[in-house]
Engineer: 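Structure incoming, see below.
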Amino acid sequence: MCGIVGYIGHREAYPIVLKGLHRLEYRGYDSAGIALFDGNELNLCKTKGKVADLETKFNSTTSTKGNIGIGHTRWATHGVPNDVNSHPHYSNSGNLVIIHNGIIENYSSLKKELIKRGYTFQTDTDTEVLVNLIEDVMINEDVMLGKAVQIALNQTIGAYAITVFDKRKENELVVARLGSPLAIGIGENEFFIASDASPFIEFTNNAIYLEDGEMAVVRLGKEIKVRKIHDDSLVDPYIQELQLNLEQIEKGGYEHFMLKEIYEQPNAITDTYRGRMLVDEGIIRMAGVDDNIERISKAKRILIVACGTSWHAGLVAEYIFEDLARIPVEVEYASEFRYRNPVIYENDVVIAISQSGETADTMAAIKLAKEKGAFVFGVCNVVGSSISRETHAGAYTHAGPEIGVASTKAFTTQITVLTLMALKLAKHRGTISDTDFRHHLQQLEAIPAKIAKVLETTNEHTKEIAFKYKEATNCLYLGRGYNFPVALEGALKLKEISYIHAEGYPAAEMKHGPIALIDEQMPVVVIATKMGHYEKVVSNIQEIKSRKGKIIGIVTEGDEAVKELADYVIEVPDTIESLTPLLTTIPMQLLSYHIAVMLGKNVDQPRNLAKSVTVE
């Protein structure tokens, strides 16, 4: 959620950095800060609250002079949102100052070691640990800032986008990226740093977008040097000419945030497993699971509590955990869980899933589970949220900001995290062979490219289908096994943003009631990939066909049987059964989106809905 802005050049930095922070407010944040260097003094001002609060405080307390500046909007991670924990952060000597997006997952062990070496800490943040680690490397390795940043980052686990400044080198900024975007704007003897191009588009249309695992030393009067962090190899940076205006940049060139976020899913899933899944080594590293592996693996059962889309991700996880790790799973609506006097044992594990990390019903369920002595594991997207603080352990999805109210990339990244967790437990419990374990890792690693292919090859076709059925008043979604929850999610998406009534069912349940609704006016979306109960689903399709229902089939590439029966088919690449939900959900997101757009609905902010539901 955080935003980074930096400037070094011949202009006054303060108005550029301040305006840049305003441009990044859409990302979500709870505090803000700016550090300026005027050639003599490093002046810093930061505050809990909005950028407007920072501006008021800065103008009344701090000099705004200086041609070098860095600014930050923080969404609280380690430590509550307050003035002290806000960015930027100093090193112990006061020479280094840093801004940072992301999470340093091994910050605790690094902090303990630095404390042994005499470092003190004023904040609760992982970022203060990182800046002091960089300083420690500079001192002990006798290296300059750029090299120290590289060495330090090779000792960290997690995701980051950082900008670091050493007041003893007033013509230089060092930036680095892994899992969080960072752009460098190139002007005439000036450079701009930002989370995206919106803060500097009025000054230059030339930018370098750092790739994951890259860092750059930005010096006035010098060409930018970009290197790989892990091996110090030089990278020839690609300077991109920006063509978009400010409004388009904020939405990444997409008409709506929802469409942008649908298309972000390949990167979001990659960011979610990056650093956790080491395919070549056959290893999954998840700090929240690693530190509690015995407690989780010996659970009598797993209870999953969630609401809405997160509940659907929990249903997918039920299949995954039971299939791979052989632990019984129950999935509960959080809103029902706390009120029905549930039976909770001390050796139960409760997994709470929430995009925002603030869902009131899920928070209440967590507190009840803790009171009963259960171990509670959180899965959420917003670092530092209430759920991340309330649970015993957890894992972030690293989906990045999801602005559209109708969740898309949160759903697929939740499934990704839960899959990693199930695989790790299965390996620890011995319920999966080494061969199958590695095969699952390889297949998961391939998912982002397969989603990208679905987006590239099916979007226009899905738009045609949307035009055909946009006037429908009811729609049925059917799936079996792993794809039954995807049918529920597909129906929810259509309801949320188009206001068309839709229901999801297990395909076999169709003849136990819903079949009465089917006629020539009823679109029926059927997930019929070749994995799982394919023949059974084909039989269900035949039943729909005989009653003149309009069939939209989601099928595996090369399918022929469903193609002969359906009115339309949308093909997705082949994968193992447990990962099919990550692919089959994409066409349904696109279908809902295009129908809503054609109906003139407010796609990003549908009526009566909020992004974070903080009331019960």
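This structure is a prediction, so every number in the text was calculated from the model and none was measured. Computed from heavy atoms alone, side chains included, the values below leave out hydrogens, waters and symmetry copies.
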Engineer: Could you check whether any side-chain heavy atom of K147 comes within less than 4.5 Å of a side-chain heavy atom of D232, counting everything from C-beta outward?
Structural biologist: yes
Engineer: Assess whether side-chain hydrogen bond (donor to acceptor under 3.5 Å, both in side chains) is satisfied between Q355 and S407, documenting all intermediate values.
Structural biologist: CA-CA 8 Å; Q355 189 283 139; S407 185; over 6 Å; no
Engineer: Is any side-chain heavy atom of L425 less than 4.5 Å from a side-chain heavy atom of I296?
Structural biologist: yes
Engineer: If you count heavy atoms of other groups shown closer than 6.0 angstrom to NZ of K57, is the number above 12?
Structural biologist: yes
Engineer: Is it true that R274 and D271 have a side-chain N and a carboxylate O under 4.0 angstrom from each other?
Structural biologist: yes
Engineer: For A52, is there any backbone N or O sitting under 3.5 Å from a side-chain donor or acceptor partner on T56?
Structural biologist: yes
Engineer: Looking only at non-hydrogen atoms, find the nearest pair between T413 and I269 and report the distance.
Structural biologist: CG2-N, 4.0 Å
Engineer: Could you give me the CA-CA distance, side-chain angles and deciding distance for R11 and E190, then say whether salt bridge (Lys or Arg N to Asp or Glu O under 4.0 Å) is met?
Structural biologist: CA-CA 8 Å; R11 306 174 197 262; E190 61 182 349; 2.8 Å; yes
Engineer: Any side-chain heavy-atom pair from E135 and N92 closer than 4.5 angstrom?
Structural biologist: yes
Engineer: Are the side chains of L96 and Y90 in contact, using a 4.5 Å heavy-atom criterion?
Structural biologist: no
Engineer: Would you say CD of E41 has more than 12 non-hydrogen atoms from neighbouring residues, nucleotides or ligands within 6.0 angstrom?
Structural biologist: no
Engineer: State whether the number of non-hydrogen atoms from other residues, nucleotides or ligands found under 6.0 Å of K225 atom NZ is greater than 12.
Structural biologist: no
Engineer: Would you kindly check if the NZ (Lys) or CZ (Arg) of K167 is within the cone defined by 45 degrees around the ring axis of F37 and under 6.0 Å from the six-membered ring centre?
Structural biologist: no
Engineer: Any idea which heavy atoms bring S86 and R74 closest together, and the distance?
Structural biologist: CA-CD, 4.0 Å
Engineer: In sequence, state the C-alpha distance, the side-chain angles, and the governing distance for K409 and E264, and then conclude on salt bridge (Lys or Arg N to Asp or Glu O under 4.0 Å).
Structural biologist: CA-CA 7 Å; K409 61 179 180 175; E264 285 176 340; 2.6 Å; yes
Engineer: Carefully, step by step, assess N381 and T397 under the rule side-chain hydrogen bond (donor to acceptor under 3.5 Å, both in side chains).
Structural biologist: CA-CA 5 Å; N381 187 41; T397 56; 2.8 Å; yes
Engineer: Less than 4.5 Å apart, side chain to side chain, heavy atoms only: is that true for V175 and I162?
Structural biologist: no
Engineer: Looking at D126 and K111, does any basic side-chain N land under 4.0 Å from a carboxylate oxygen?
Structural biologist: no
Engineer: Does the ring of Y14 carry K65 above it, NZ/CZ under 6.0 angstrom from centre and within 45° of its axis?
Structural biologist: no
Engineer: With side-chain hydrogen bond (donor to acceptor under 3.5 Å, both in side chains) as the criterion, how do N101 and Y160 come out once you've worked through the C-alpha distance, each side chain's angles and the decisive distance to 0.1 Å?
Structural biologist: CA-CA 5 Å; N101 294 348; Y160 50 79; over 6 Å; no
Engineer: What orientation do F192 and Y7 show, parallel under 30°, tilted 30 to 60°, or perpendicular over 60°?
Structural biologist: tilted
Engineer: Within a radius of less than 6.0 Å around NZ of K48, do more than 12 heavy atoms belonging to other residues, nucleotides or ligands occur?
Structural biologist: no
Engineer: Evaluate the criterion salt bridge (Lys or Arg N to Asp or Glu O under 4.0 Å) for residue pair R219 and E172; output intermediate values, then yes/no.
Structural biologist: CA-CA 5 Å; R219 293 191 183 99; E172 176 182 285; 2.7 Å; yes
Engineer: If you measure from the Lys or Arg side-chain nitrogens to the Asp or Glu carboxylate oxygens, is any gap between E214 and K228 under 4.0 Å?
Structural biologist: yes
Engineer: Are the side chain of T125 and the backbone N or O of E128 linked by a donor-acceptor pair below 3.5 Å?
Structural biologist: yes
Engineer: Take atom CG in D231; do more than 12 heavy atoms of anything else shown fall under 6.0 Å from it?
Structural biologist: yes
Engineer: Output yes when a side-chain donor or acceptor of T585 lies under 3.5 Å from a complementary backbone atom of L582, and no otherwise.
Structural biologist: no
Engineer: Side chains of V226 and I224: closer than 4.5 Å at any heavy-atom pair?
Structural biologist: yes
Engineer: Quick one, F377 with H392, criterion ring pair (Phe, Tyr, Trp, His ring centres under 6.0 Å). Give me CA distance, side-chain angles, the key distance, then yes/no.
Structural biologist: CA-CA 6 Å; F377 189 95; H392 295 110; over 10 Å; no
Engineer: D124 versus V84: any side-chain heavy-atom pair under 4.5 Å?
Structural biologist: no
Engineer: Quick one: do the N132 and H89 side chains pair a donor with an acceptor below 3.5 Å?
Structural biologist: no
Engineer: Taking the side chain as every heavy atom from C-beta outward, state whether R168 and L145 have any pair of such atoms under 4.5 Å apart.
Structural biologist: no
Engineer: I'd like to know whether Q265 forms a side-chain hydrogen bond (donor to acceptor under 3.5 Å, both in side chains) with Q589, so could you lay out the CA-CA distance, the side-chain angles of the two residues, the decisive distance to 0.1 Å, and finally the verdict.
Structural biologist: CA-CA 11 Å; Q265 286 174 111; Q589 293 172 353; 2.8 Å; yes
Engineer: Determine, step by step, whether E202 and K19 satisfy the salt bridge (Lys or Arg N to Asp or Glu O under 4.0 Å) criterion, reporting the C-alpha distance in whole Å, the side-chain angles of both residues, the deciding distance to 0.1 Å, and the verdict.
Structural biologist: CA-CA 11 Å; E202 66 208 73; K19 183 181 287 187; 3.4 Å; yes
Engineer: Nearest heavy-atom pair of I8 and N171: which atoms, and what distance?
Structural biologist: CD1-C, 3.2 Å
